[in-house]
Amino acid sequence: MVSLSKKLIKTLRRSAILIPQFYEPKAPALDLHEPFIPVSKLQETKLLEAQLVSILDSCISLTEIKRVHARIIRKGLDQCSFVVTKLVRVLCKLNTPIDTYARLIFSQVYCPNPFLYTAIIRGYSVQGPLEKAVFLYGQMRRDDILPVSFTFTALLKACTGVLHVDLGRQIHGQSLKIGGFVQDLFVGNTLIDMYVKCGCLDFARRVFDELPTRDVISFTALIVAYAKSGDMVAASDLFDRLPAKDMVAWTAMVTGFAQNAQPKEALEYFEKMQNSGVNTDEVTLSSVISACAQLGAIKYANWVRDFAERSGFGPTDNVLVGSALIDMYSKCGSVEDAFKVFESMKDRNVFSYSSMIGGFSMHGCAREAIELFEKMMKVEVKPNKVTFVGVLAACSHAGLVEQGQHFFGMMENGCGIKPSVDHYTCMIDLLGRAGRLEEALELIQTMPIEPNGSIWGALLGACRIHRNPKVAEIAAKQLFQLEPDGIGNYVLLSHIYASAGRWEDVSRVRKLIRAKRLIKTPSLSMVEDENGGLHNFYSDDTIHPESKLIKQTLQDLLKRLKVHGYQPILSSAPYDVSDEEKERILLTHSEKLALAYSLLTTSANCVIRIIKNLRICEDCHSVMSRASQLTSREIVVRDNLRFHHFRKGICSCGDFW
DNA sequence: GTAGGGTTAG
């Protein structure tokens, strides 16, 4: 027997040339008298293998692969796991169905090694079905072949894809049982990711804590998980412990804050990220842009847009940044700028279209939203569930009931999208706003989904517009059960009672609020000055240094408006007090203070942009509208629902909101 | 082979 060096044994194993004492052939039986291949021949074969692998790597079509496969057979290397594994991997990369070709090649190899098994397992993991990947794993174990760490990462990734946490746990168990794989950083990180994506944060944390070493990927996976669960304290804590923070880790923090409605913190972290010398890419920027969208300030909007352009991620060439910018400009009150971005983009995807349709919708441009939706269908960008929310909301705000019903019908039949509770909410809103409250109630009772708080909330909102305490009571009863601490619902019901003059019921609801110790969300209006500074106004605000002057300006304005026919809408003060007192209360509304401040401090050609945290009341709406005419100023108010553009006495919402 | 992304109604 020839004695082989360890290195040579390794080479032989790697190239899987069938040597009797290392491999147990199944069929056909090898001729044991066959002489060993001389070393020079081995080197030649190894060279040929490397050559074929390299050719396979550059294959971009199935025809090419088939040609190389024929060559592999001609050269007698069809039993070489090294080459065949590459062949299978390339087939998977081109997304050729495993069962049609790769599986056949695999079945013709007498002694597949763990890498070849893993290549097939990975193929099934990517393409599905998961069962076949697991079956292959079982076969591998029955053949007594030890898996490699990549076998586990492939299987775990497949479990992550279909959120099959039970199977994932079994594979976790296997990796522990077979020997130390869980300590492999790749397997450990994939396990963390699997548990995170399946919503088992505790398990993910346990794997993280038990890992002998952790890298930036382990940290980031967990940071993202905490951020997604809304726990930015835990996320920050981990981030602080992370010694080497890279772009992805920083981005995870910026995104976390942006997704948890902490836009200022998101921007702070972005600044720190830049100061630490880490690069920025399109993903970072998309989150920064989302944070700016939440701030709603044009100053930040323009700053981030310039920044994106300067860093080479301008909206023209970058669909991710472009789509985020469309949404941002819409939310900052400039649907015109949003549309400019949309038009400048070279490529548009479903995000770009959905953001633009949503932008038109929140600005009351129903016709534009519908036209864009129809154009989208023509250019073959498939709408998704969010697109439909946008287009249905557009119909709703414009009172286009039949058109909305048509689009709703299209969802399942034309686009294969099952309407979700969000879409039913849009339909309830559509019918409710149009005054068809009974129909809306009937839809709730007959729809195939269990109604949630949004559904009843939409109905209650419609009852406020149409002053219908009867239906409101039905909606409120459900809402108080589903959202017992939702202060807005109690307030809304009390307003509905107030507008019907049912003061006893009003006081009953107020008592309920007190008994539950709920605190009313204070009304807050923000306004941007010409330097981009933001000023906050609460109702009846006396904190602002210019408070007296602001109040005086407001009173002067209202006096002038009254000359032109303005009558205070007293029902907007839902209290059982005298008309004089109601008028005084109306004067304290935060958006009126913000308006007066802007009139006082900004130049005549400057658009006044006000952001309010609650819905604008009818009286303020009327004042804004008339003030836009009297002062020849353009006023944009963003309330918690949508935008109102007041120009020359007319609002873009058509007084229908 | 493992980590980060934009759009959602009352």
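Chain A is the first sequence line, chain B the second, and so forth, proteins listed ahead of strands; every chain is numbered from 1.
- Among the heavy atoms of the strands, none lies under 4.0 Å from A:Leu460.
- Nucleic acid contact for A:Val319: base, since at least one base atom lies under 4.0 Å from a heavy atom of the residue.
- Within the 4.0 angstrom heavy-atom criterion, base atoms lie near A:Thr153.
- Read 5' to 3', the first and last nucleotides of DNA chain B with an atom closer than 4.0 Å to a heavy atom of chain A are B:dG1 to B:dG10.
- Among the protein residues, A:Leu482 comes within range of no part of the nucleic acid, since none of its heavy atoms lies under 4.0 Å from any strand.
- The aromatic ring centres of A:Phe186 and A:Phe152 sit 6.0 Å or more apart.
- Residue contacts for A:Lys245: at a heavy-atom cut-off of 4.0 Å it reaches no nucleic acid atom on any strand shown.
- Residue A:Gln259 is in sugar-phosphate contact alone, with no base atom involved, counting any heavy-atom pair closer than 4.0 Å across all strands shown.
- Using a cutoff of 4.0 Å between basic side-chain nitrogens and carboxylate oxygens, A:Glu268 and A:Lys272 are not scored as salt-bridged.
- Within the nucleic acid shown, A:Ser420 has no heavy atom closer than 4.0 Å to any nucleic acid atom.
- You'll find the ring centres of A:Phe270 and A:Trp250 outside the 6.0 Å limit.
- As judged by a 4.0 angstrom heavy-atom cut-off over every strand, A:Val224 is placed among residues touching the sugar-phosphate backbone only.
- Note on A:Met247: a base of the nucleic acid sits closer than 4.0 angstrom, heavy atoms only.
- Looking only at distances, a side-chain donor or acceptor of A:Ser125 sits under 3.5 Å from a matching main-chain atom of A:Ile121.
- For A:Phe360 and A:Phe339, the gap between ring centers is short of 6.0 Å.
- Among residues at least two apart or in separate chains, salt bridge (charged side-chain N to carboxylate O under 4.0 Å, His left out) pairs with a member in residues 345-366 of chain A are A:Asp317-A:Lys346.
- Within the 4.0 angstrom heavy-atom criterion, no nucleotide atom of any strand lies near A:Gly359.
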